[in-house]
Amino acid sequence: MSIPAQRVATFGTTIFTEINLLAQQHNALNLGQGKPDFDTPSDIVIHLAQAAQAGRYNQYAPGPGTASLRQAIADHAARFYDLDIDPAAGVIVTAGATEGIFAAILGLVDAGDEVIVIEPFYDSYVPNIIMANAAPVYVPLHPPDWTFDPDELQAAFSRKTRALILNTPQNPSGRVFTRQELELIAGLCIEHDVTVIADEVYEHLVFDHAQHIPIATLPGMFERTVTVSSAGKLFSATGWKIGWVCGPPALIDGVARAHQFVTFAVHHPSQEAIAYALNLPDAYYETFQAMYQEKRQLMLSALDGGGFTYCAPEGTYFVMADYTAIFDGSPLECTRYLIREKGVACIPPETFYSQEHASIGHGYVRFAFCKTDEMLRQVQERMAIG
Ligand SMILES: Cc1ncc(COP(=O)(O)O)c(C=O)c1O
């Protein structure tokens with residue numbers, strides 16, 4: 001008997017565990033994991049507490065999500081993207097975007113199918129594809145500006161391609177794909193009859209002139225796209241693990257079938273609070289964006305002072321920084337060096353790459369700037385050269 005099952009035998013412990021431990025030992029400022037070190041807005045927390053105290057939200061929620069949250073998700077899509085989502089049949093509330101992506105793969109991809117993954121990628125995609133007995137096919141983004149080669153993208157499509165996972169704004173590169181790039185992806189998906197699983201958890205985190213364009217809004221794409229998002233990023237509430245998948249009822253039906261036997265239903269009181277939060281006026285979204293624009297500036301100044309180079313992120317709260325001017329070694333060695341010598345932790349990007357393309361990430365480490373301004377100023381002081 002082989003223990004563990006072959007399905008999971010290749011999955012290692014994530015690099016985050018080692019980095020967090022090392023960061024603690026050296027009292028380093030931890031810019032590794034993408035979790036805010038500041039709190040969820042208090043009015044949203046109050047709604048959670050009130051829902052829990054009201055008594056009627058402490059038992060199982062409806063499997064697809066509460067009616068109020070599904071309506072709020074549909075209203076949000078209409079308000080920001082002019083998308084027409086059916087709150088009854090076009091939305092599933094999941095345990096974070098992580099479960100949403102997994103349920104989408106399980107519900108829409110068959111064993112033996114191929115799923116195109118743009119890399120560097122969020123680390124759950126590939127294990128999810130493997131657990132569905134499907135095969136990942138990789139398309140790399142090329143530094144320094146993290147763009148894909150249209151020929152490499154086209155070559156990734158085959159008769160077996162069933163789905164493509166598209167993350168924009170993209171973790172870890174910080175890219176926000178342009179309309180032109182999205183049109184290219186959309187054209188190939190239509191030509192090859194491929195479903196898009198659009199991971200848009202950073203949809204409101206865009207900077208300067210970048211514009212987040214959901215691929216579902218492109219002509220011919222709504223019918224073949226499920227869009228995944230998360231309250232974790234938007235309301236600085238990663239611990240609540242509330243996410244959702246929305247799209248055309250025909251595809252959402254597949255996601256719902258998987259979801260009902262993965263988690264069935266997710267945390268009930270949090271859904272009431274997130275329904276309130278999604279309905280907040282535009283001012284909330286504008287302030288949120290402005291807050292991160294400031295944090296990005298602090299982060300980039302720290303990198304400038306520390307001798308790193310980078311392509312300024314157009315979105316997300318991550319930046320891939322090129323350390324080759326200040327350190328000679330692998331990303332993991334550089335991360336250990338920064339923790340020990342500078343007291344600042346980041347993440348080596350190995351975990352975001354297939355073996356096939358691991359060398360593309362050499363020379364880079366990822367910093368997360370979802371941290372207090374005070375911490376980012378300390379980072380600036382610690383990283384300054386000379
Ligand atoms: C690109 C991307 N997708 C999905 C997730 C997972 O989101 P959640 O915490 O809602 O499961 C993350 C979290 O970091 C992410 O960066």
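Note that ligands are numbered from 1 as they come in the structure, with each ligand's atoms numbered from 1 the same way.
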So if I count the atoms of ligand 1 from 1 in the order they appear, which ones are less than 4.0 Å from some heavy atom of Ser230? 8 (P), 10 (O)
Does Thr98, backbone or side chain, put an N or O under 3.5 Å from an N or O of ligand 1? yes
Any N or O of Ile101 closer than 3.5 Å to N or O of ligand 1: no
With a 6.0 Å cut-off (strictly less than), is the heavy-atom count around CD of Glu223, excluding the residue itself, greater than 12? yes
Aromatic centroids of His259 and Phe264 separated by under 6.0 Å: no
Got a sec: does the CZ of Arg382 have more than 12 other heavy atoms crowding it under 6.0 Å? yes
Just to confirm my output: which protein heavy-atom neighbour is closest to atom 7 (O) of ligand 1, and how far is it? Ala97 CB, 3.6 Å
Can you sort out which atoms of ligand 1 are near Lys241, meaning under 4.0 Å from one of its heavy atoms? 8 (P), 9 (O), 11 (O)
Got the closest protein heavy atom to atom 16 (O) of ligand 1, with its distance? Tyr202 OH, 2.6 Å
Looking only at heavy atoms of Glu99, does any of them come nearer than 4.0 Å to an atom of ligand 1? no
Looking at Gln180, I'd like to know if its CD atom is crowded, meaning that more than 12 non-hydrogen atoms belonging to other residues, nucleotides or ligands lie closer than 6.0 Å. no
Can you run down the ring pair (Phe, Tyr, Trp, His ring centres under 6.0 Å) pairs that involve residues 220-239, sequence neighbours left out, and say none if there aren't any? Phe235-Tyr284
May I ask you to check whether Thr238 has an N/O atom sitting below 3.5 Å from an N/O atom of ligand 1? no
Which atoms of ligand 1 have any heavy atom of Lys233 under 4.0 Å away? 12 (C), 13 (C), 14 (O)
With a 4.0 Å cut-off on heavy atoms, does Asp199 reach ligand 1? yes
Examine distances only and state if a side-chain atom of Ser270 and a backbone atom of His267 form a donor-acceptor pair shorter than 3.5 Å. no
For the residue pair Glu200 / Thr227, report whether a side-chain donor-acceptor contact shorter than 3.5 Å exists. no
What atoms of ligand 1 come within less than 4.0 Å of a heavy atom belonging to Asn167? 1 (C)
Sequence neighbours excluded - salt bridge (Lys or Arg N to Asp or Glu O under 4.0 Å) pairs with any residue from residues 73-98: Arg79-Asp282
